[in-house]
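Comments concern the structure below.
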Amino acid sequence: QVQLVESGGGLVQPGGSLRLSCAASGSIFSIKSMGWYRQAAGKQRELVGYITSGGSTNYADSVKGRFTISRDNAKNTVYLQMNSLKPEDTAVYYCNADGILYYSGSYHDFNSWGQGTQVTVSS
């Protein structure tokens, strides 16, 4: 019922920057929070950070001061600006959205994931 489409991944040198985008579509009534997770090869998926509908943000300690999450509520889109990238930031990055759908005359909670986008930091 909700589709999340990510874009913006790629290969970047250490110290470089990338900007990821994630657009949500479907029978969305409201989105409470949107966030980013990442999963490096052989490791568990971990939270990068999230942003609430009111604009409050929370980040993992490993990315504080380097990554910034923002969102455009009108477009149901969340962004992840990544600066000063390090090789240890290499991972598949996943978008997540949590909110409420409206269809068939009623409201339904949802929690959806994007398909993931690869970020590789290497010289």
Side-chain angles (χ1 to χ4, degrees):
Q1 299 288 348
V2 176
Q3 186 176 22
L4 300 181
V5 179
E6 299 146 343
S7 61
L11 173 65
V12 64
Q13 292 187 340
S17 298
L18 277 177
R19 188 190 194 212
L20 306 183
S21 299
C22 172
S25 62
S27 303
I28 298 171
F29 175 74
S30 66
I31 298 179
K32 291 179 283 188
S33 68
M34 298 185 79
W36 293 93
Y37 290 72
R38 66 185 182 186
Q39 187 167 17
K43 295 187 177 181
Q44 290 188 329
R45 190 174 298 189
E46 63 176 4
L47 174 69
V48 174
Y50 64 85
I51 184 167
T52 67
S53 58
S56 297
T57 55
N58 189 44
Y59 298 96
D61 288 343
S62 59
V63 306
K64 281 181 182 176
R66 299 188 299 122
F67 291 9
T68 302
I69 295 175
S70 60
R71 66 187 279 181
D72 184 333
N73 289 333
K75 297 181 179 179
N76 288 333
T77 299
V78 65
Y79 306 95
L80 178 64
Q81 178 66 44
M82 303 184 291
N83 298 328
S84 303
L85 282 160
K86 305 175 182 180
E88 51 264 43
D89 294 318
T90 295
V92 178
Y93 283 70
Y94 296 91
C95 174
N96 176 267
D98 180 67
I100 300 172
L101 297 172
Y102 182 78
Y103 63 92
S104 300
S106 60
Y107 297 92
H108 309 268
D109 293 332
F110 78 88
N111 186 288
S112 296
W113 293 88
Q115 79 284 358
T117 185
Q118 177 70 45
V119 172
T120 302
V121 185
S122 175
S123 55

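The basis for the numbers below is simple: all heavy atoms, side chains too, and nothing from hydrogens, waters or symmetry mates.
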Given Y94, W113, Y93, the one that forms ring-ring contact (aromatic ring centres under 6.0 Å, His included) with Y37:
W113
hydrophobic_cluster_shared for I51 and F67, side chain cutoff 4.5 Å:
yes
Which residues satisfy the salt bridge (Lys or Arg N to Asp or Glu O under 4.0 Å) test with D61, sequence neighbours excluded?
K64
L18 with Y79, same ILVMFWY side-chain cluster at under 4.5 Å:
no
Looking at E6 and L20, would you say the former's side chain and the latter's main chain have a donor-acceptor pair under 3.5 Å?
no
Expected output: side-chain Y59 to main-chain I69 donor-acceptor under 3.5 Å:
yes
Please name the pair of heavy atoms, one in I31 and one in A24, separated by the smallest distance, quoted to 0.1 Å.
CD1-CB, 4.0 Å
Is a side-chain N or O of R38 found less than 3.5 angstrom from the main chain of T90, in a donor-acceptor match?
no
Would you find a donor on one side and an acceptor on the other, under 3.5 Å apart, between the side chain of D98 and the backbone of M34?
no
Closest non-hydrogen atom pair, L85 against R66:
CA-NH1, 3.9 Å
Does Q44, at its CD atom, have more than 12 non-hydrogen atoms belonging to other residues, nucleotides or ligands within less than 6.0 Å?
no
For the student: nearest non-hydrogen atoms of A60 and L47, plus distance:
CB-O, 3.4 Å
